[in-house]
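Below, each value reflects all heavy atoms present in this structure, side chains not excepted, and no hydrogens, waters or symmetry copies. FYI, the numbering just counts along the sequence from 1.
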Amino acid sequence: MPAVSKGDGMRGLAVFISDIRNCKSKEAEIKRINKELANIRSKFKGDKALDGYSKKKYVCKLLFIFLLGHDIDFGHMEAVNLLSSNKYTEKQIGYLFISVLVNSNSELIRLINNAIKNDLSSRNPTFMCLALHCIANVGSREMAEAFASEIPRILVAGDTMDSVKQSAALCLLRLYKTSPDLVLMGEWTSRVVHLLNDQHMGVVTAAISLITCLSQKNPDEFKTCVSLAVSRLSRIVSSASTDLQDYTYYFVPAPWLSCKLLRLLQCYPPPEDGAVKGRLVECLETILNKAQEPPKSKKVQHSNAKNAILFEAISLIIHYDSEPNLLVRACNQLGQFLQHRETNLRYLALESMCTLASSEFSHEAVKTHIETVINALKTERDVSVRQRAADLLYAMCDRSNAKQIVAEMLSYLETADYSIREEMVLKVAILAEKYAVDYSWYVDTILNLIRIAGDYVSEEVWYRVIQIVINRDDVQGYAAKTVFEALQAPACHENMVKVGGYILGEFGNLIAGDPRSSPLVQFNLLHSKFHLCSVPTRALLLSAYIKFINLFPETKATIQEVLRCDSQIRNSDVELQQRAVEYLKLSSIASTDVLATVLEEMPPFPERESSILAKLKKKKGPGAVSVTELEDSKREGGELNGGGDRGQDTATMAASNASTPSPSADLLGIRSTAPLGAAPASAGSLLVDVFSEAGPTAPSAAVNDDGFLRFVCKNNGVLFENQLLQIGIKSEYRQNLGRMYLFYGNKTSVQFASFTTTVSCPGELQSQLNVQTKPVEPLVEGGAQIQQVLNIECLTDFSDAPLLNIKFRYGGALQNLTLKLPVTINKFFQPTEMTSHDFFQRWKQLSQPQQEAQKIFKANNSMDTEVLKAKLLGLGTALLDNVDPNPENYVCAGVIQTKSQQVGCLLRLEPNAQAQVQHTDSPERVSHNYSSIPNFLHYLSPYSVNI
């Protein structure tokens with residue numbers, strides 16, 4: 001770089017900076033800046049032409065003022081003029097100003113590009129480097145379009161100086177990261193790869209950053225870099241610290257280049273060439289050997305550089321997972337770091353050993369360090385290190401040490417940091433389930449888990465223990481006895497009450513023979529917790545009470561008295577009130593046989609993947625369970641029976657339809673759901689299978705509307721399902737606004753990549769419906785589920801439906817799917833009550849042909865009155881009783897809410913039972929689009945045919 005002469009000191013700039021620093025207040029600073037800006041503006045606009053030095057000085061002042069946080073709206077042209085100067089300092093200031101203040105949309109960008117092209121073609125290395133730095137700093141798409149084809153030529157040219165090659169490589173890397181579609185290597189690929197053989201280490205270091213990035217996107221094009229990288233790594237590893245003096249850092253030869261080479265090799269599988277592979281194994285062994293040597297310096301920089309190379313080498317060994325000797329040596333080396341005084345080293349060692357534990361070659365070697373890891377879990381001060389220790393215990397667990405590890409993790413949970421308790425709970429639950437050979441031990445573990453960390457036990461955990469107890473006859477009695485004893489504790493967590501209510505309601509008869517756990521004692525114990533619980537738990541307990549009446553007839557009078565009290569049948573919560581009234585009536589009028597049939601014992605759940613595994617898998621980070629582990633758990637047969645969706649009552653279904661889902665709600669059933677003994681009054685309840693009606697369909701590039709009509713009278717369900725993907729919907733509408741939750745579930749064990757969704761409103765629908773979407777995660781792990789929220793606003797009447805397009809890559813193949821979203825005009829109905837007189841008065845007023853639409857359609861089977869009523873209510877209207885003179889007819893009224901207007905709608909459904917025909921008549925205040933409403937009525941009855 002050229003030396004700066006005395007004349008370039010810019011005394012005026014130094015004085016200005018000094019004045020700014022001496023200002024006593026913000027007002028004084030602003031006053032001084034405004035004075036200087038006025039002076040600079042007058043100089044630029046003056047008749048006298050400024051020389052290069054003056055332009056440079058004033059541009060520097062503007063740059064300084066901008067860096068102080070003030071807006072600069074002039075001086076750009078003067079900065080561009082500096083680019084044409086032949087003086088280094090003037091050109092440097094011009095490029096600096098442009099890099100900081102000029103955006104890609106500026107009108108000056110063409111002039112700037114011309115100046116940059118002139119410098120790139122000047123063959124002056126200093127000017128070329130300035131131009132390349134400017135391109136990289138701006139990094140816009142316009143820059144990429146202008147120079148993406150020129151920079152590779154500079155990079156591989158034989159007469160390009162080394163410093164320019166370094167800048168060109170890093171500049172090209174910057175453009176590739178911002179606009180990968182414009183940076184096409186093509187003919188330059190092999191020549192760029194051969195930069196790894198360059199004599200200048202700086203060029204190799206810069207080039208390898210570029211090659212690593214390119215290899216990650218296009219591995220096949222750059223696979224020839226593997227042998228060159230191994231060769232270069234071998235030369236560095238085998239060299240002494242004196243051989244590469246300019247690139248030796250505290251006695252470690254080229255540590256940054258070594259790390260980059262090792263990272264590049266992790267983009268590829270083990271080399272197929274035996275000689276290359278042998279040379280690479282020799283390099284890795286040398287790195288492991290050097291880690292055992294005494295340090296050549298006591299300074300921390302030496303150990304940091306040495307350990308950086310070691311950990312990258314271990315990462316490469318783990319990536320290959322093909323050299324048992326190296327894997328075991330790596331594990332032993334990491335084991336030495338577990339008790340190192342440096343916290344960072346302990347953290348990295350634990351993190352790397354988590355990955356080693358999944359290898360069949362090193363799993364046993366990792367297990368030898370179990371006591372050290374347990375000690376780290378108990379004694380580490382840093383919570384992040386403790387979390388990695390918990391992750392490692394989870395990873396090294398197998399049948400031989402499961403009970404020990406679960407016991408230690410349970411013990412640690414009592415004092416664990418709050419930030420990691422939820423994940424710890426999930427891991428304990430998974431290990432207890434995966435490696436349980438004694439089901440009583442599993443039940444004890446989960447109940448102990450609820451006792452210790454009840455607030456962090458998610459619904460999936462206690463759902464799972466319920467499912468397993470129901471599926472295993474041999475553990476039902478033990479579970480009932482254990483949970484009965486747990487409920488006797490003075491302070492009992494609500495999750496324990498839920499488990500107790502469900503298990504005693506199902507299997508309380510198995511322990512009723514003992515006077516200490518007689519039916520009345522069981523009921524009184526559960527009811528003593530009733531007033532302390534939330535509404536969903538109370539609803540579950542009411543379901544348990546009605547079960548008790550079936551199991552123990554002697555408790556009927558006591559339980560009926562509880563159900564009959566005002567606090568139940570007049571409860572302010574509609575769910576509790578409905579349950580109390582229905583259960584009281586059921587217990588009063590039903591015979592013993594009917595009661596036994598309605599309240600029979602829950603059947604076994606179908607086997608499916610553990611819901612807890614799916615939940616933990618969604619957690620990112622080293623502790624997250626991998627697809628391989630999930631598959632291993634199935635292969636080993638350690639997973640207990642469970643999963644599936646069962647129900648005890650229909651009231652829960654109604655409550656679920658009215659609730660708003662939480663982001664963690666498992667509506668697709670990828671996580672298994674719980675029995676319906678509990679009320680899902682809270683958002684995100686998993687107790688109801690609202691998707692039981694959907695069947696698998698085939699993906700298609702055309703618009704798929706197979707499931708569209710199913711959602712006319714309901715808001716929740718599975719919109720689409722095939723072998724790869726399941727799409728569920730849960731939606732709610734208020735006046736002219738709606739919110740729809742879409743749940744995308746990956747049914748495979750393979751990751752979905754480049755997952756994108758687009759919602760479009762075709763044609764006129766753009767002006768009739770406003771749909772706002774939130775983006776989704778681009779990666780969907782195998783067995784995982786992601787959620788997308790859509791906000792919908794009805795602007796005016798409409799008849800079309802928005803389209804949902806989904807694209808993703810599965811196994812390298814692009815999947816494309818387009819569906820009709822079930823957003824119909826009736827979703828914006830507001831039910832309206834009115835008398836018979838008002839109804840027919842308005843009906844007669846709407847007598848014009850354009851105000852009425854009629855449809856006659858035939859039913860295949862007998863018409864069920866209750867089903868028809870439910871469908872009409874699901875349509876969104878109010879079902880009016882005692883309005884029509886013919887009691888067989890159904891009369892409805894509602895108001896369609898849009899942003900621009902409110903539209904009243906009256907509807908009559910006239911069934912003809914003899915002819916199996918239904919006739920609908922629907923007058924409205926406006927005509928052209930609402931005539932589609934009777935078309936929806938084809939779907940009102942499951943017995944009708946779609947015409």
Side-chain angles (χ1 to χ4, degrees), residues 657 667-668 690-691 693-733 736-745 755-774 776 786-808 815-829 855 871 874-876 896 898 928-940 942 944-947:
N657 291 342
L667 295 177
L668 295 182
V690 297
F691 305 116
E693 298 177 11
T697 58
S700 171
V703 177
N704 187 314
D705 59 357
D706 292 349
F708 181 77
L709 283 179
R710 291 203 306 271
F711 289 86
V712 172
C713 297
K714 68 175 185 176
N715 293 332
N716 306 324
V718 166
L719 179 65
F720 174 84
E721 183 174 12
N722 64 7
Q723 292 83 0
L724 305 179
L725 179 69
Q726 187 183 50
I727 303 173
I729 285 182
K730 190 160 191 178
S731 53
E732 58 179 356
Y733 296 87
N736 70 312
L737 302 177
R739 177 170 291 177
M740 180 179 289
Y741 296 82
L742 295 173
F743 299 87
Y744 305 99
F755 192 91
T756 59
T757 63
T758 307
V759 177
S760 60
C761 295
E764 294 182 355
L765 193 61
Q766 294 182 10
S767 59
Q768 299 166 346
L769 205 63
N770 182 18
V771 181
Q772 296 179 343
T773 63
K774 295 185 178 179
V776 295
I786 61 174
Q787 173 185 278
Q788 184 178 29
V789 180
L790 276 61
N791 293 316
I792 305 165
E793 181 181 17
C794 180
L795 304 177
T796 183
D797 54 282
F798 64 94
S799 57
D800 290 332
L803 301 179
L804 171 67
N805 180 256
I806 302 151
K807 293 181 180 178
F808 61 93
Q815 307 291 324
N816 189 4
L817 177 68
T818 302
L819 306 172
K820 255 189 179 181
L821 280 178
V823 181
T824 50
I825 190 66
N826 67 293
K827 299 297 183 183
F828 302 96
F829 259 130
K855 182 72 71 173
K871 295 289 185 180
L875 191 66
I896 295 176
T898 72
H928 59 289
N929 276 341
Y930 296 116
S931 60
S932 59
I933 292 177
N935 292 327
F936 295 146
L937 299 182
H938 291 310
Y939 195 68
L940 285 179
S944 62
V945 294
N946 289 336
I947 300 175

Note, V823 side chain near F828 side chain (heavy atom, < 4.5 Å): yes

Those residues that, when tested against K820, pass side chain to side chain donor-acceptor pair (under 3.5 Å) (two or more places apart): none

Set of residues satisfying side chain to side chain donor-acceptor pair (under 3.5 Å) with respect to T773, sequence neighbours excluded: none

From CG (L719) to CD (Q726), nearest 0.5 Å: 10.5 Å

Heavy-atom side-chain contact between F755 and I786 under 4.5 Å: yes

Pairwise side-chain contact, I792 with R739, heavy-atom cut-off 4.5 Å (strictly under): no

Shortest non-hydrogen separation from F711 to P822 and the atoms involved: CB-CB, 3.4 Å

K827-N715 side chain donor-acceptor pair, cut-off 3.5 Å: yes

Taking every non-hydrogen atom, the tightest pair across P762 and A801: CD-O, 3.9 Å

Worked verdict on I729 versus N716 for side chain to side chain contact (heavy atoms under 4.5 Å, CB included): CA-CA 5 Å; I729 285 182; N716 306 324; 5.8 Å; no

F798 versus T824, closest heavy-atom pair with distance: CZ-C, 3.6 Å

Side chains of T898 and L795 in contact at under 4.5 Å (non-hydrogen atoms): no

Among T757, T756, N816, side chain to side chain donor-acceptor pair (under 3.5 Å) partner for N805: N816

Validation row: N736, E793 side chains within 4.5 angstrom (heavy atoms): yes

Min side-chain heavy-atom separation D800-L769 under 4.5 Å: no

Results of salt bridge (Lys or Arg N to Asp or Glu O under 4.0 Å) for E764 - residues two or more places apart only: none

Short side-chain donor-acceptor distance under 3.5 Å, Y744 and Q788: yes

pair I825-S799: side-chain heavy atoms closer than 4.5 Å: no

Worked verdict on L803 versus L821 for side chain to side chain contact (heavy atoms under 4.5 Å, CB included): CA-CA 6 Å; L803 301 179; L821 280 178; over 6 Å; no

Candidate pair D797 and I896, rule side chain to side chain contact (heavy atoms under 4.5 Å, CB included), full reasoning: CA-CA 9 Å; D797 54 282; I896 295 176; over 6 Å; no

Separation of S760 OG from L804 CG (nearest 0.5 Å): 8.5 Å

Test item: I727 and I806 side chains (from C-beta on) under 4.5 Å apart, heavy atoms: yes

Test log, rule side chain to side chain contact (heavy atoms under 4.5 Å, CB included), inputs V771 and N791: CA-CA 6 Å; V771 181; N791 293 316; over 6 Å; no

Nearest-0.5 Å distance, CZ of residue F720 to CG of residue L725: 6.5 Å

